[in-house]
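Because only heavy atoms are used, hydrogens play no part in the values below, and waters and symmetry mates are left out as well, while side chains stay in. Atoms within a ligand are numbered from 1 in the order they appear, just like the ligands themselves. Computed from a predicted structure; not experimentally measured.
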Amino acid sequence: MSAPHAIVIVGAGQAGGCAAKTLRDEGFAGRITLIGLEPHPPYERPPLSKRVLAGAATVESCRLFKPDAFAALNLDFRPGARATRIDRAARAVHLESGESVAYDKLILATGGEARRLPVPGGDGPRVHYLRTLDESLAIRSALGPGRRLAVVGGGWIGLEVAATARKSGAAVTVLEALDRVCVRAVPPSVSDFLRALHERNGVAIRTNCGVKAIDDRGAGGLRLALGDGTALDADAVVVGIGLVPQVSLAREAGLEVGDGVLVDERCRTSDPDILVAGDCANMPLACLGRRVRLESWANAQNQAIAAAKSALGQDVRYDELPWFWSDQYDANVQILGLPARWPEPIVRGDRDGASFSLFYLDDDRIVAVVSVNAPRDLRAARRPMQVRKTVRAVDLADPATNLAKL
Ligand SMILES: Cc1cc2nc3c(=O)[nH]c(=O)nc-3n(C[C@H](O)[C@H](O)[C@H](O)COP(=O)(O)OP(=O)(O)OC[C@H]3O[C@@H](n4cnc5c(N)ncnc54)[C@H](O)[C@@H]3O)c2cc1C
């Protein structure tokens, strides 16, 4: 295989930015074109529902690179540019401007878009979605003492927005259509923990409660018609009901697409010159024994590093354990692993206290850890999980055991 001279990256988010940096770190001296729809250089999204939303961190603080470091990457950076088509035969990406950019290797890092609430009024001006920096700043101006915020969706983003809004003094109601919060990400006991955490902090959580319509009554505020026949008044709504992976470029180019763009463990699509990383990639992970599409900061970073190395012809096999964290009030929640089912956990620490960890075992091996304010427990479990070492439940539960020695 001849070495690439021109690499195009579509999507200037976290994965796109990390891929560009990795290419330079690995000594690639050719042209890197980074095409991004947003007007900003690459930035990290986790602060958008936390410190940036709270007004406690500046916009600059979430940039992936300081201005000097970004300039040193020597990229052909195209902010505010949409890639509209991939011409695989000509190996070129077409932009909305009419221009086309040739590639030897193409990395798609197009992430996804916030799923829209498909009800009347779901696209009104006071109904917010949260994926981008600009959206975070718009929501920030709707928070504050005395404001009434309805959060539709009790997933991670909904709960983080609820926590930040509550801290701003807003009155917050979370509406979750299913019977518990964070259904897709955590077992029932952790959902219960999160619900109790929010209720202690004054958030009203209504489960089994969908939204049928949002009526914008001007100065009278918003009125949400709920599935149970009741209504809820609010000054603003934030919808956090999931992400739709951005796969249209790949699909229209004839690449294999399912829930995300299908890639192998080297981030390669069905066209070996096109690689994918981040929230839009669907990859087989040997450590899980199945394909997954992940939406997490760590995956966006590490998969992008793998995609960049793979584009340079290096023999990479991506197989990182899924890792995710969330900050809500004074709770730092971390999850390592993504089991297909959640067995009864081994509890370490006081489950009703401020700090504890839950270990999920299968055949005496740790398959997942959820820790609350106990990041060290989770870090200690990573290695035994990776090498599938057997452990004893009694050791995990005993606070006297030094987990680092496992
Ligand atoms: C509010 C929020 C809070 C989060 N908090 C956490 C957290 O606490 N912990 C955690 O682990 N993860 C968190 N995440 C998830 C994490 O931020 C994402 O997994 C990560 O940003 C994914 O990176 P990405 O590069 O794949 O996608 P993105 O960051 O979405 O970047 C994709 C970029 O591609 C651009 N693009 C798409 N299509 C085109 C096109 N055709 N042409 C040009 N550009 C295009 C998009 O505009 C976008 O800028 C959070 C996410 C959000 C939104």
Side-chain angles (χ1 to χ4, degrees), residues 8-20 33-53 62 64 77-86 93-97 101 106-115 128-137 139-140 153 155-161 163-164 185 238-240 242-253 260-261 267 276-283 293-305 307 320 322-328 331-336 338:
V8 173
I9 303 170
V10 180
Q14 194 190 344
C18 285
T33 306
L34 179 63
I35 301 165
L37 195 51
E38 294 181 65
H40 311 288
Y43 63 91
E44 297 182 323
R45 295 183 199 273
L48 305 186
S49 47
K50 309 177 185 77
R51 289 175 56 75
V52 165
L53 184 61
C62 47
L64 215 49
F77 176 45
R78 313 286 186 94
R82 182 191 292 273
T84 52
R85 190 167 67 85
I86 303 167
V93 174
H94 291 262
L95 308 187
E96 203 167 34
S97 62
V101 188
L106 171 62
I107 299 177
L108 296 178
T110 47
E113 285 165 5
R115 188 182 300 282
H128 301 273
Y129 294 84
L130 178 51
R131 183 70 190 173
T132 68
L133 188 49
D134 299 342
E135 288 166 340
S136 174
L137 299 178
I139 296 170
R140 192 205 278 181
W156 291 120
I157 288 187
L159 292 183
E160 289 190 350
V161 168
T164 305
V238 175
V239 180
L243 176 101
V244 179
Q246 183 50 265
V247 298
S248 54
L249 280 176
R251 180 181 288 122
E252 283 155 27
V261 187
C267 302
V276 186
D279 283 15
C280 64
N282 180 315
M283 177 186 265
R293 185 181 64 75
L294 299 169
E295 297 169 14
S296 88
W297 177 93
N299 181 67
Q301 173 186 271
N302 296 334
Q303 216 171 40
I305 291 171
E320 297 277 332
W323 173 63
F324 182 86
W325 88 92
S326 175
D327 293 312
Q328 298 171 35
N332 169 257
V333 182
Q334 300 198 24
I335 303 172
L336 185 65
L338 188 66

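Here W325 has heavy atoms under 4.0 Å from ligand 1 in both its backbone and its side chain. Neither the backbone nor the side chain of L294 comes within contact range of ligand 1; no heavy atom lies under 4.0 Å.
Centroid-to-centroid, the aromatic rings of F324 and W297 stay 6.0 Å apart or farther.
Protein heavy atom closest to atom 22 (C) of ligand 1, with residue, atom name and distance, is D279 OD1, 3.1 Å. Nearest protein heavy-atom contact of atom 23 (O) of ligand 1 is A300 CB, 3.5 Å. In this structure, the protein non-hydrogen atom closest to atom 14 (N) of ligand 1 is P46 CG, 4.3 Å. Nearest to atom 29 (O) of ligand 1 among the protein's heavy atoms is R45 NE, 2.6 Å. Of all protein heavy atoms, the one lying nearest to atom 25 (O) of ligand 1 is A15 N, 2.8 Å. With hydrogens left out, the protein atom closest to atom 20 (C) of ligand 1 is Q14 OE1, 3.7 Å, a heavy atom. Protein heavy atom nearest atom 37 (C) of ligand 1, with residue, atom name and distance: T110 O, 3.3 Å. The protein heavy atom nearest to atom 43 (C) of ligand 1 is A81 O, 3.3 Å.
Under 3.5 Å, the side chains of E113 and Q246 contain a donor-acceptor pair of N or O atoms. Defined by atom type and a distance below 3.5 Å, a donor-acceptor pair is present between the side-chain atoms of N332 and Q334. For the residue pair E38 / T132, no side-chain donor-acceptor distance below 3.5 Å is found, with atom types taken as modelled. Between the side chains of R45 and Y43, a donor-acceptor pair is found at a separation under 3.5 Å.
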Checklist entry - Step by step, would you call L106 with I86 a side chain to side chain contact (heavy atoms under 4.5 Å, CB included)? => result CA-CA 9 Å; L106 171 62; I86 303 167; 3.8 Å; yes

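Atom CD1 of I139 is separated from atom CG of L137 by 9.5 Å, given to the nearest 0.5 angstrom. In this structure, L338 CG and S296 OG are separated by 10.0 Å, a value rounded to the nearest 0.5 Å. From L37, atom CG reaches atom CZ of R78 across 14.5 Å, with rounding to the nearest 0.5 Å.
Taking a cut-off of under 4.0 Å to the non-hydrogen atoms of K50, the atoms of ligand 1 that pass are 5 (N), 6 (C), 7 (C), 8 (O). Residue contact check: W297 has heavy atoms under 4.0 Å from atoms 10 (C), 11 (O), 12 (N), 16 (C), 19 (O) of ligand 1. For ligand 1, the atoms lying closer than 4.0 Å to a non-hydrogen atom of S296 are 11 (O), 12 (N), 19 (O).
Polar contact check, W323 against ligand 1: no nitrogen or oxygen pair lies under 3.5 Å apart. The shortest N/O to N/O separation between L37 and ligand 1 falls below 3.5 Å. At least one N or O atom of R131 sits closer than 3.5 Å to an N or O atom of ligand 1.
Of the possible donor and acceptor atoms, none in the side chain of R85 sits under 3.5 Å from a partner among the backbone N and O of L95.
Distances from atom 27 (O) of ligand 1 to the heavy atoms of G36, G13, G111 put G111 nearest. Relative to atom 33 (C) of ligand 1, the option among C18, A19, P39, A109 with the closest non-hydrogen atom is A109.
More than 12 heavy atoms of other residues, nucleotides or ligands shown are found within 6.0 angstrom of CZ on R140.
Contact analysis leaves H40 out of contact with ligand 1, as no non-hydrogen atom separation drops below 4.0 angstrom.
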